[in-house]
Peer 1: 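One structure coming up, written as structure tokens, with questions to follow.
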Amino acid sequence: MLEIFKSTETKVLEKVDVISKGCWVNMYAPTAEEINRVSTDAQVDVDILKDALDDEERPRIERDDGRVYIIVDFPYIVKDETGYEGYETIPIGIILTDECIITVSLKDTPILEEFKRNRVKEFFTFKKTRFALQILFVISSYYLRYLKQINKKTNEIERVVHQSLKNKELYAFLALEKSLVYFTTSLKSNKVVLDKILRFNYLKMYEEDKDLLEDVIIEKTQAIEMAETYRSILSGMMNAFASIISNNLNIVMKFLTSITIILALPTMVASFYGMNVDIPFQHIRHPYVIPLSISVFFASLTAFIFWKKKYF
């Protein structure tokens, strides 16, 4: 998909058909034809555009012939094969040329929807440096938003797992922990890119742009700390709740075993009295009362002993 936008003098974002100076070119899951068109019209190397479409590409920043290439990871929501909702990260490329700014990724993202709908203050397509930093800021905000969602889901699962005897909740914990691993790795890599922008002046920035970059770095640092904290907590909770589930199962098995032993005693007594041999008191008027009484006595005695030992 190829979209071209341009800010007008009245601060309205318009969709246009031609790549021109001051425009924003957005590509997600582009075709080969679209890649070649942008490469020709914007004079950008095809390989740079394709790098951002590799889901294994690492975040980095490069500068070549006056163009700046930035690749960072952004988060998105996925569902695994078991139906659990998790989070992963994939790269997004931000390319700044003399004429325009280009964004390219494998998937459409709500992060860029914020710009398409003019929800970001002081956003103009012709202010390329500011626009790039605003994208990085919104990405950091989405990391924080998803981390809060992960924490909320963790608390919900925690309430359920106290009474659970199943592995379902552990699988949910595993999906969340996997998401935090992706987040931590991507956030640290993204921060390296931001530090390079700050130290090596890859982008020409005004004072407001430097303030925005510092805000992005602060947001990214906070997200890293949150991700590492939640990951540590979640890892400890998984170990604890695995033991709790195992202990709950042991309690149930102990209870069922105790009941089985208690019910086995009347069966054993009845078996003795059912043998085809002479037995004491077999000629009295109501002989069944004797095995019944013996069964009740031994079952009650065993149940009392198990109760005292807190088997149930």
Side-chain angles (χ1 to χ4, degrees), residues 1-9 12-78 88-120 123-139 142 182 186 189-190 192-194 196-197 200 202-204:
M1 182 69 179
L2 174 61
E3 302 172 312
I4 306 173
F5 301 93
K6 191 170 185 178
S7 296
T8 64
E9 295 179 357
V12 176
L13 187 66
E14 290 185 346
K15 199 168 185 178
V16 297
D17 299 322
V18 180
I19 298 176
S20 58
K21 187 171 183 178
C23 72
W24 165 32
V25 181
N26 179 43
M27 295 191 298
Y28 59 91
T31 63
E33 182 181 349
E34 290 171 340
I35 293 175
N36 291 329
R37 177 192 169 186
V38 173
S39 174
T40 302
D41 294 351
Q43 297 181 352
V44 177
D45 190 352
V46 172
D47 292 335
I48 293 296
L49 296 174
K50 289 182 178 179
D51 283 347
L53 300 175
D54 182 2
D55 57 1
E56 300 295 331
E57 190 70 23
R58 303 300 304 152
R60 69 177 192 273
I61 182 170
E62 298 176 1
R63 182 167 51 195
D64 182 35
D65 292 335
R67 302 180 186 86
V68 179
Y69 309 105
I70 303 172
I71 295 180
V72 292
D73 289 335
F74 71 89
Y76 68 101
I77 301 175
V78 296
E88 292 186 3
T89 59
I90 57 173
I92 179 172
I94 306 171
I95 304 168
L96 289 81
T97 71
D98 293 334
E99 298 294 323
C100 63
I101 183 170
I102 304 169
T103 55
V104 55
S105 62
L106 274 173
K107 297 178 180 291
D108 191 16
T109 167
I111 292 169
L112 296 181
E113 287 294 326
E114 302 283 337
F115 297 93
K116 294 178 186 179
R117 298 178 183 178
N118 270 330
R119 293 178 178 173
V120 181
F123 158 58
F124 305 101
T125 59
F126 52 81
K127 291 185 176 181
K128 298 186 292 295
T129 298
R130 171 69 63 86
F131 184 16
L133 294 176
Q134 286 172 326
I135 292 175
L136 296 175
F137 184 83
V138 175
I139 289 175
Y142 266 78
Y182 285 128
S186 297
S189 300
N190 287 358
V192 171
V193 173
L194 294 173
K196 287 184 177 181
I197 294 175
F200 300 116
Y202 279 94
L203 301 174
K204 182 180 178 181

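Source: prediction; values computed, not measured. Computed from heavy atoms alone, side chains included, the values below leave out hydrogens, waters and symmetry copies.
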Peer 1: What closest approach, in Å, do T89 and S186 show between heavy atoms, and which atom pair accounts for it?
Peer 2: OG1-OG, 2.7 Å
Peer 1: Might you point out which heavy atoms bring A132 and L96 nearest each other, and give the distance in Å?
Peer 2: CB-CD1, 4.1 Å
Peer 1: Find the distance between CG (N36) and OG1 (T31) and round it off to the nearest 0.5 Å.
Peer 2: 8.5 Å
Peer 1: Is the shortest side-chain heavy-atom distance between I4 and I19 below 4.5 Å?
Peer 2: yes
Peer 1: Could you walk me through whether S39 and L49 pass side chain to side chain contact (heavy atoms under 4.5 Å, CB included), step by step?
Peer 2: CA-CA 8 Å; S39 174; L49 296 174; 4.2 Å; yes
Peer 1: Quick one: do L2 and N26 satisfy side chain to side chain contact (heavy atoms under 4.5 Å, CB included)? Show the steps, please.
Peer 2: CA-CA 6 Å; L2 174 61; N26 179 43; over 6 Å; no
Peer 1: Could you measure the distance from the CD atom of E34 to the CE atom of M27? Nearest 0.5 Å is fine.
Peer 2: 8.0 Å
Peer 1: Is there side-chain contact between K107 and Y28, with heavy atoms separated by less than 4.5 Å?
Peer 2: no
Peer 1: Look up atom OH in Y69 and atom CD1 in I61, then write down how far apart they are to the nearest 0.5 Å.
Peer 2: 12.0 Å
Peer 1: Please answer whether the main-chain N or O of K21 pairs with a side-chain N or O of K6 as donor and acceptor at a distance below 3.5 Å.
Peer 2: yes
Peer 1: Taking the side chain as C-beta and beyond, is there a heavy-atom pair between F123 and L13 under 4.5 Å?
Peer 2: yes
Peer 1: Between the side chains of K204 and T129, is a donor N or O closer than 3.5 angstrom to an acceptor N or O?
Peer 2: no
Peer 1: What closest approach, in Å, do S105 and P91 show between heavy atoms, and which atom pair accounts for it?
Peer 2: CB-O, 3.8 Å
Peer 1: Check each of F124, F115, F126, F5 against F131 using the ring-ring contact (aromatic ring centres under 6.0 Å, His included) test, and report the only one that passes.
Peer 2: F115
Peer 1: Find out whether I90 and F74 are in side-chain contact, i.e. whether some heavy atom of one side chain is under 4.5 Å from a heavy atom of the other.
Peer 2: yes
Peer 1: Between I71 and D51, does a side chain to side chain contact (heavy atoms under 4.5 Å, CB included) hold up when you go through it step by step?
Peer 2: CA-CA 9 Å; I71 295 180; D51 283 347; 4.0 Å; yes
Peer 1: Are any of the side-chain heavy atoms of M1 and P30 separated by less than 4.5 Å?
Peer 2: no
Peer 1: Sub-3.5 Å donor-acceptor pair from the side chain of E114 to the main-chain atoms of I111, do we have one?
Peer 2: no
Peer 1: Using a 4.5 Å cut-off on heavy atoms from C-beta on, say whether the side chain of L136 contacts that of I197.
Peer 2: yes
Peer 1: Which residue in the set V192, L194, N190 passes side-chain contact (heavy atoms from CB on, under 4.5 Å) when paired with P59?
Peer 2: N190
Peer 1: Looking at T125 and G22, would you say the former's side chain and the latter's main chain have a donor-acceptor pair under 3.5 Å?
Peer 2: yes
Peer 1: Quick one: do R67 and D98 make a salt bridge, cutoff under 4.0 Å?
Peer 2: no
Peer 1: Measuring from atom CD1 of I70 to atom CD1 of I95, what distance do you get when rounded to the nearest 0.5 angstrom?
Peer 2: 10.0 Å
Peer 1: Please determine whether side chain to side chain contact (heavy atoms under 4.5 Å, CB included) holds for the pair E62 and R60, giving the CA-CA distance in whole Å, both sets of side-chain angles, and the decisive distance to 0.1 Å.
Peer 2: CA-CA 7 Å; E62 298 176 1; R60 69 177 192 273; 2.7 Å; yes
Peer 1: Check this for me, if you would: do E113 and R117 make a salt bridge, where the nitrogen-to-carboxylate-oxygen distance has to be below 4.0 angstrom?
Peer 2: yes
Peer 1: Nearest 0.5 angstrom please: T103 OG1 to I92 CD1, how far?
Peer 2: 5.5 Å
Peer 1: Are K116 and D108 ion-paired here, with the side-chain N under 4.0 Å from a carboxylate O?
Peer 2: yes
Peer 1: Within a reach of under 6.0 Å around CD of Q43, are more than 12 heavy atoms found that belong to other residues, nucleotides or ligands?
Peer 2: no
Peer 1: What distance separates E99 CD from K128 NZ, expressed to the nearest 0.5 Å?
Peer 2: 8.0 Å
